[in-house]
Each structure stands twice: as structure tokens, then as C-alpha cells.
Amino acid sequence: MDQDDFYLRAKAWQAALTQSFGGGQVYYAAKSFVCVEIAKWLKELKIGLDVCTGGELAVALAANFPASEIEFHGNNKSEIEISAAIKAGVGTIVIDSFDELSRVAKIAKDMNKVQKVYLRLTPGVDAHTHEFISTAHEDVKFGFSIASGDALIAIDKCMSEDSINLAGIHCHIGSQIFEVEGFKVAAERLVGVLASFRDKYSTQLPELNIGGGYGIAYTQDESAIAPDTVIPAISEVIKSECKKLNLSVPKVSVEPGRAIVGPTTTTLYVVGTTKTVTLENGSKRRYVSVDGGMSENIRPALYGAKYSAYLANRTSTAKPITTRVVGKHCESGDVLIPNIDLPEDIKAGDLLAIPATGAYGRSMASNYNHIPRPSVISVVNGTAREILRRENESDLLNLDVVQAPRALS
Ligand code: LLP
């Protein structure tokens, strides 16, 4: 992981917000990848942190990350998680359902606190099909629908609770999005809700969070959506809608995860075996097996995600041949790259590099087949440093609860 790249990307999002709004807050989405060191970097950068479980919250707190700069997300936060968040002094809890609204209100009341909250709204934007019909994409587990009226009911409920301070509204329309249009439609609909609030309560909600989801390039055919493209586009809509509806421009925040950490990281694999098969049509396919696979990168198997790969330990002038890069799991679907041209002379012991694996790679890693999860090494100014150590077999065995053998009768 390139630490400077992480810093530059995080700063670029904050700079774009400041440029467009004269302020605002970036909350890094911890789910894309977090460890204590990353939380420390974010603290230094004055970037906020979006956590969505007690586990992610624990990492932030272990880094002495300021709780006031944490947003707590999630569609099913437990009472234990909510209590831990309120006790820690988490800045904002993003409320996702009616059940949770009552739960947060009660827990805050019992603790004699007033908790700042946002409501997560579903603006009916299907960012991936480019259909922005108000009834579209309502069928999701997250948030309160604007179109159905649930959003306004939730607002009224928040306003009736003394232990809740409703400060703003939130939406997150999807992930790995390349078009600005979806964000613009969502922003417009959220500003509409701010106006409805003002009309009813004669005061304005001060904050608006437009979520994450900004797409990055995984292969040479793709290009990222840049902060200085998407933020001005969102800002234009928010400002013109606010003007039209006679609202002041709220404090705007965003939650990029992938766009900050994704491109910073390259996964390095050791090639273990190669083999060539003849396909039914007579053509050949060479398999290259690496020392990992679907356990540290489930994205190709789960989403059909595309990656590229490079020979990393030497240069080769050998002719490129059609190659399938596979992992070491006992499963045919354990394919990292189905088809890529790689030098014909790749052999056991070579290193293969797969770029852009920083987001949702290590963070979604499993121990399938009891493969210990890999380390994460940060590189800065030519110096490499482990920021998350490799798991070992003792780590795995530590979880086994072994009883003394039962006496046979
Ligand atoms: N905010 C909220 C409320 C979210 O649910 C997410 C991601 C983000 C922000 C950050 O989204 P980003 O900027 O990283 O796209 N595992 C999938 C991605 C799932 C995203 C879940 N929510 C993948 O590997 O593509």
C-alpha cells in the first residue's frame, strides 16, 4: 500500500469539497479497508470515519480516533453496538429503520444523552441502470424511502424524541459508479426533503450527506470518476435547488472508501504451479496458480470483478499467451482473472502483481480452507512497513474450543 497515494487521494476529496462548498466533511468508509494505522492516518489528515459495526468502531477507538468525527452506519445495529457508540461519544449515528430509531432514542435517554443523528433515506435512484424514476430501487434493505412517505414519518418521529438531535439526512446510492447523473438526482431529491422539513418545522436541517460509491479504474479500459468532477456537479445541483427553494446551503459530507484506498494497493502473489490445457475448439489455455485467491479477493467470484496482472519480479520478452490466473482454494470458481495475456515463460517462484486491490480485498478476506489472511505492507519514501501482520496457523487455531475427550462407555 502506497501511503503517499492514500494521503493524496484523501486530500483530493477534502479539497474538492472545500473548493465547492467552502467546507464540508469527508468520512472515509472504513468497510473498504481499515486497521489501526489507517485510522491514525485519517486522524492526521482530519478526515472523518464512517464505521458500520462495533468491530470497525473498536479499530477507530484503538487508534484514539476522535469519536466526534465518527459516523455510525449499518442497517441492523445491535443494542450493544448502539450503546458502545453513544458511550464513546460518536459524532453521528445514521439511523436506518424505525426499529433502530426507537432503540437509539431509548438507549440515549437511558444514558442521559442527546445523540446527534442523520436519517438514511433512499432517494429512488438506481445508479447502475441510469433509471432515475422515483419508484425505482425502493426494494432495498437500507433506509427510509422518500417516495413512500416513510422519510417524512421518520423525521416526525425523530422530532418527537428528546434524546435525539436530528441534524441531517443521508443517502448512499451504490458503489463503483462512474456517472455523475445518479449523484445529481439523489442530491436534488434530498434537498427536496430539506424543503419539506423547513415547511413543516420552520427551521432548517443543517447537514446533508451524499454517501460514497465513486468508481475507480481496475483495468486499463476504465477511468475513475474524479473528485473535482463529481463534487462540483453535486454542488451545482445542491446550490441551485437550495436557491430555488429558498434554503441556505447545508454542510455537505461524502463517504468515499474505494476511491481513496482502492488504487493505493497492489497484491503480490507467488506463482506456485502452471499448466496448459487444450480447449474443445483446439486452442490452449494456460493456468497460473497463485498462493491466495478467493480468500483475500472474493470480488471476481462474487461480482465478476475484473482485474489486471503483471509479472513483478523480472522483465520478460517472452510472447504473451492467454492465461487464467487462479487461486489455491479447492474450488473451480476460485478464479482471480479469467483471461489475460501474460508472458509464456511465467514459472513457479515468479511474482505476480494485481493492482487496485486496496478496497474490499483484505477487508472482505476470509479464512476459507484455513488459509491465513495476508499482511498489509505500507510503503512510504522507499521504506516498507507492515501495518497489519500476516495471520498464522496459531491465530486460526486460537479460536478452537477443544473439550477433553468423553469417556467411552
Ligand atoms: N457509505 C455507505 C453508507 C456505504 O454503504 C458504502 C459502501 C460507502 C459509503 C462506501 O462506498 P465506496 O465509496 O467504497 O464505493 N463490497 C463491494 C462494495 C460494497 C459497498 C458497500 N457500501 C465491492 O467490493 O465492490
Side-chain angles (χ1 to χ4, degrees), residues 6 9-10 12-14 16-17 25-34 38 42 47-53 56-57 70-77 92-97 100 117-123 125 127-128 137 140-144 168-180 182-183 186-187 190 208-219 222 224-227 230-231 234 252-265 267 294-307 336 354 356-366:
F6 186 98
R9 289 174 191 280
W13 284 93
Q14 189 58 59
L17 267 188
Q25 178 71 56
V26 175
Y27 291 95
Y28 170 77
K31 64 196 70 126
S32 58
F33 175 62
V34 80
I38 298 281
L42 292 162
I47 299 279
L49 198 52
D50 141 19
V51 302
C52 67
T53 61
E56 290 178 0
L57 177 63
I70 297 177
E71 273 186 326
F72 194 15
H73 269 291
N75 69 302
N76 185 13
K77 306 170 189 77
T92 312
I93 295 184
V94 185
I95 293 185
D96 208 285
S97 67
E100 186 181 303
V117 303
Y118 292 163
L119 286 174
R120 176 165 179 168
L121 307 185
T122 43
V125 173
H128 298 286
H137 214 58
V140 287
K141 69 173 181 171
F142 297 107
F144 301 96
I169 49 176
H170 167 279
C171 75
H172 171 77
I173 59 170
S175 206
Q176 186 61 354
I177 298 167
F178 290 109
E179 305 283 330
V180 296
F183 295 107
L190 255 53
L208 189 153
N209 186 321
I210 209 79
Y214 314 100
I216 64 160
Y218 282 96
T219 63
E222 293 171 329
I225 183 168
V230 66
I231 298 295
I234 293 171
V252 173
S253 45
V254 290
E255 300 166 340
R258 189 194 315 265
I260 292 176
V261 75
T264 65
T265 301
T267 304
M294 66 198 303
S295 53
E296 86 291 321
N297 190 354
I298 189 70
R299 300 192 70 258
L302 198 56
Y303 314 117
K306 293 192 169 49
Y307 288 88
L336 288 169
I354 299 194
T357 49
Y360 307 107
R362 181 62 177 74
S363 77
M364 292 177 77
S366 75

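First listed ligand is number 1; within each ligand, the first listed atom is number 1.
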the protein heavy atom lying closest to atom 18 (C) of ligand 1 turns out to be Arg258 NH2, 3.6 Å

Touching ligand 1 at all, Gly211? Heavy atoms, strictly under 4.0 Å? no

Non-hydrogen atoms of Ala359 versus ligand 1: any pair closer than 4.0 Å? no

Hey, can you tell me if Phe183 and Tyr214 have their rings parallel, tilted or perpendicular (30° and 60° cut-offs)? parallel

Row check, Tyr360 ring normal vs Arg299 NZ/CZ: under 6.0 Å, within 45°: no

Can you sort out which atoms of ligand 1 are near [X], meaning under 4.0 Å from one of its heavy atoms?
{"X": "Asp50", "answer": "1 (N), 9 (C)"}
{"X": "Arg120", "answer": "3 (C)"}
{"X": "Ala29", "answer": "8 (C), 9 (C), 10 (C)"}
{"X": "Glu255", "answer": "1 (N), 2 (C), 3 (C), 8 (C), 9 (C), 10 (C), 13 (O)"}
{"X": "Gly213", "answer": "11 (O), 12 (P), 13 (O), 15 (O)"}

Does Lys77 pair with Glu100 as a salt bridge, N-O distance under 4.0 Å? yes

Does a side chain donor of either Glu255 or His73 reach within less than 3.5 Å of an acceptor in the other side chain? yes

Between Arg258 and Ser175: side-chain donor-acceptor atoms closer than 3.5 Å: yes

Mind checking the CG-CD spacing from Asp50 to Gln25? Nearest 0.5 Å is all I need. 11.5 Å

Quick one: which of Tyr360, Tyr27, Phe33 has a heavy atom closest to atom 14 (O) of ligand 1? Tyr360

